[in-house]
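Notes follow once the structure below has been shown.
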Amino acid sequence: MLDAGLRLLLRHGYNDLGIQAVLKETGMPKGSFYHHFVSKEDFALQVIDRYMEEVHHGLDDTLGDCATAPLDRVRKFFESTRDKYETEGYLGCMLGGLGQELSGVSPVFQQRIEACLSAIASRIANCFEEARDRGDLPADANLRLMADLVVNCWEGAALRSRLRRDPAPLDSMLDFYFGSVAVAS
C-alpha cells in the first residue's frame, strides 16, 4: 500500500487522493487499510517515511562513493534524482509537492516535511565538509547554509520541471549552483 501511496501522492497530491483510490490501486479491502493505518493522514505520513527510505538509499549510494570527489558526489545525487523524476514523468519531489499543498494548513505535515528536507541537507553538509577538508571549498564556508541552499534551489527547480515536464530547470540549477561553488573555492 505504501508503494502505491508513493505513486498516487506524487500524481494526485494529498487532498485529491481518496482512500478508495488507494484500495482500487492495491486491490485491498477497506478493512485492510484501517488495519494498517489510523487515518488518511497516518497513511500519508507513512508514505513520506517510505519516500525518505528511498532518498536515504540514494544518498548512501552517491555520497558514500569515496572514489568520487565530494562535490561530484553531491551533484551525482541530484542527477540520479533527476533521472528518477524522468521515469515518473517529471512530477518532481513528493516532499516539495506535499509541502506546498499542506504546510500552510497542517503543522504535522509542515514539521515532518521540514524534518525530511533538513535531514537531506545535513547529509549534504557532511559531504561538503569533506570537500572543504580537501580544499575544494573555502575554509570559512558555511556548509550548512550551502547545503540548505542547494536543497532549496533543487525544490524550486523541481517545481518548474514539473510545470514544464522537462528536466531543463533541474539541469540549469545544477550547472549554476556547482559552477558557483567551484568559482567560490
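We count residues from 1, following the sequence as given.
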Could you give the side-chain donor-acceptor pairs of residues 90-104 under 3.5 Å, partners two or more places apart or in another chain?
from	atom 1	to	atom 2	distance (Å)
E101	OE1	Y14	N	2.8
E101	OE2	Y14	N	3.2
E101	OE2	N15	N	2.6
E101	OE2	N15	ND2	3.0
S103	OG	G99	O	2.6

Enclosure of F176 CZ (heavy-atom neighbours >12, cutoff 6.0 Å): no
message: Using a 6.0 Å cut-off, check whether atom NZ of K84 has over 12 heavy atoms from anything other than its own residue.
response: yes
task: Scan side-chain atoms only and decide if S80 and D83 contain a donor-acceptor pair under the 3.5 Å cut-off.
output: no
message: We want to know whether S161 and R82 form a side-chain donor-acceptor pair, criterion being a heavy-atom distance below 3.5 angstrom.
response: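 The criterion, which ignores hydrogens and geometry beyond distance, is not satisfied for R82 and S161.
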message: For R73 and D61: C-alpha separation, side-chain torsions, deciding distance, then whether salt bridge (Lys or Arg N to Asp or Glu O under 4.0 Å) applies.
response: CA-CA 9 Å; R73 287 186 254 158; D61 285 350; over 6 Å; no
task: Evaluate the side-chain contact (heavy atoms from CB on, under 4.5 Å) criterion for residues M1 and S32: first the C-alpha distance (whole Å), next the side-chain angles of each, then the deciding distance (0.1 Å), finally the verdict.
output: CA-CA 10 Å; M1 272 197 243; S32 293; 4.1 Å; yes
Between [X] and [Y], what is the shortest heavy-atom contact and its length?
X	Y	result
M52	I120	CE-CG1, 3.9 Å
A125	R144	CB-CA, 4.2 Å
L63	C127	CD2-SG, 3.9 Å
L8	A21	CD1-O, 4.0 Å
L143	E129	CD1-CA, 3.4 Å
G5	V47	C-CG1, 3.8 Å

message: Just to verify, what does R164 make a side chain to side chain donor-acceptor pair (under 3.5 Å) with, not counting sequence neighbours?
response: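 Counting only residues at least two positions away or on another chain, R164 forms no side chain to side chain donor-acceptor pair (under 3.5 Å).
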Within one Ile-Leu-Val-Met-Phe-Trp-Tyr cluster: [X] and [Y], side-chain cutoff 4.5 Å:
X	Y	result
V105	F43	yes
I19	L17	yes
L145	V150	no

- request: Would you check if the side chain of T81 reaches a backbone N or O of F77 as a donor-acceptor pair within less than 3.5 Å?
  value: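 Pair found, side chain donor or acceptor close to backbone of F77.
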- prompt: Is a side-chain donor or acceptor of S118 paired with a backbone partner of E114 at a separation under 3.5 angstrom?
  reply: no
Taking [X] first and then [Y], would you say they form a salt bridge - that is, a charged N and a carboxylate O separated by under 4.0 Å?
X	Y	result
D16	R11	no
E25	R7	yes
R132	D140	no
R50	E53	yes

task: Show the numbers, then the answer: is there a side chain to side chain donor-acceptor pair (under 3.5 Å) between N126 and E130?
output: CA-CA 7 Å; N126 290 339; E130 288 182 53; over 6 Å; no
task: Measure the acute angle between the ring planes of Y177 and F128, then classify it against the limits of 30° and 60° as parallel, tilted or perpendicular.
output: parallel
task: Would you mind listing the cluster partners of L163? Hydrophobic ones only (ILVMFWY), side-chain contacts under 4.5 Å, chaining allowed.
output: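 Once heavy-atom contacts under 4.5 Å are chained together, L163 belongs with L159.
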- request: Assess whether salt bridge (Lys or Arg N to Asp or Glu O under 4.0 Å) is satisfied between D49 and R112, documenting all intermediate values.
  value: CA-CA 9 Å; D49 292 342; R112 178 67 63 86; 3.0 Å; yes
message: Just so I know, are the side chains of D3 and T26 near enough to count as touching, which here means a heavy-atom distance under 4.5 Å?
response: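 A side-chain contact under 4.5 Å is absent here.
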